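Presented below is the structure to which this report refers.
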Amino acid sequence: MSPGLPLEGTNLTAFARIVGVKITAALVVLMPLLLAGCNTQNSSPDDVRERTAQATSEIKKDAKAVADGVKEGWNRNQPLDINKATKDQLQSLPGMSAEGAERIIEGRPYRSATELVHRKIVSPQEYDKIKDQITAL
């Protein structure tokens, strides 16, 4: 990680959730005000509540997308730790099947990524496809 980054040593998933929650909270507070200010008709409390609920639902989806984008961008170009990666993360590797990901998980821990081949968890051909994208920490 580059020195001086404000997130150095923090859990990115937790950070992404916090950012998403803060964005959602801010928008939930501001959305009713914006809706009320943009509407020239007198609205009933039920109408305002319904529009606010709809806007909140849409904002929630957007906040999750932002948090997922932050997480993806942060992890891009960093090797995947085969000792900690989830099944979904392992399956995102080139040519990795669900069964291959399960074999990797079941064989943990690994001292080095090359153990995948030495212990016959993956074939040498499979390893060649993923070797530059994995590590064993």
Side-chain angles (χ1 to χ4, degrees):
M1 203 173 297
S2 301
L5 286 177
L7 302 178
E8 190 168 359
T10 63
N11 182 325
L12 183 60
T13 303
F15 173 74
R17 284 189 185 131
I18 290 168
V19 168
V21 168
K22 286 185 177 184
I23 290 171
T24 301
L27 292 173
V28 166
V29 169
L30 294 175
M31 192 55 68
L33 298 173
L34 292 172
L35 288 173
C38 294
N39 190 352
T40 57
Q41 344 174 341
N42 289 333
S43 297
S44 73
D46 290 337
D47 290 341
V48 172
R49 184 174 38 251
E50 179 58 35
R51 286 194 310 267
T52 303
Q54 180 64 34
T56 302
S57 175
E58 291 172 15
I59 291 167
K60 180 179 174 184
K61 291 177 200 170
D62 292 343
K64 182 177 179 351
V66 168
D68 289 344
V70 168
K71 181 179 176 184
E72 181 182 327
W74 190 266
N75 290 325
R76 194 171 283 167
N77 300 325
Q78 292 184 9
L80 187 63
D81 183 357
I82 58 175
N83 286 315
K84 295 178 184 172
T86 65
K87 182 178 176 181
D88 287 340
Q89 289 172 319
L90 291 168
Q91 282 184 260
S92 72
L93 294 168
M96 183 61 61
S97 65
E99 295 79 18
E102 287 173 10
R103 285 193 310 271
I104 291 172
I105 291 170
E106 289 169 4
R108 290 176 177 165
Y110 302 97
R111 290 180 303 237
S112 74
T114 58
E115 283 188 54
L116 293 175
V117 175
H118 298 303
R119 292 170 45 189
K120 298 183 174 35
I121 306 291
V122 298
S123 70
Q125 294 80 11
E126 291 172 312
Y127 181 75
D128 286 340
K129 292 179 189 176
I130 63 173
K131 67 182 177 186
D132 294 332
Q133 299 175 42
I134 60 172
T135 189
L137 299 176

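Atom set for the values below is all heavy atoms of this structure, side chains included, hydrogens, waters and symmetry mates excluded. These numbers come from a predicted model, not from an experiment.
Atom CD of E50 sits in a sparse spot, with 12 or fewer heavy atoms from other residues, nucleotides or ligands closer than 6.0 Å.
Closest of all the heavy-atom pairs between S97 and G100 is OG-N, 3.0 Å. Minimum heavy-atom separation, A136 to A113: CB-N, 3.7 Å. Between P94 and I130, the closest heavy-atom pair is O-CG2, 3.5 Å.
Residues satisfying the side chain to side chain donor-acceptor pair (under 3.5 Å) test with S44, not counting sequence neighbours, are D47. Residues passing the side chain to side chain donor-acceptor pair (under 3.5 Å) test with T86 are Q89, sequence neighbours excluded. Applying the side chain to side chain donor-acceptor pair (under 3.5 Å) rule to R119 yields the partners E115; only residues at least two apart in sequence or on another chain are considered. Residues that satisfy the side-chain contact (heavy atoms from CB on, under 4.5 Å) test with A101, not counting sequence neighbours, are K87, L90, Q91, M96.
The structure places CD1 of I134 at 5.0 Å from CD1 of I82, a figure rounded to the nearest 0.5 Å. The CD1 atom of I104 lies 8.5 Å from the CZ atom of R108; values are rounded to the nearest 0.5 Å. Distance CD1/I105 to CG/N83: 11.0 Å, rounded to 0.5 Å.
T52 contributes a side-chain N or O that, together with a main-chain N or O of V48, makes up a donor-acceptor pair within less than 3.5 Å.
The list of side-chain hydrogen bond (donor to acceptor under 3.5 Å, both in side chains) pairs with a residue in residues 126-137, not counting sequence neighbours, reads S123-E126.
The hydrophobic cluster analysis finds L137 isolated: no Ile, Leu, Val, Met, Phe, Trp or Tyr side chain comes under 4.5 Å of it, directly or through other members.
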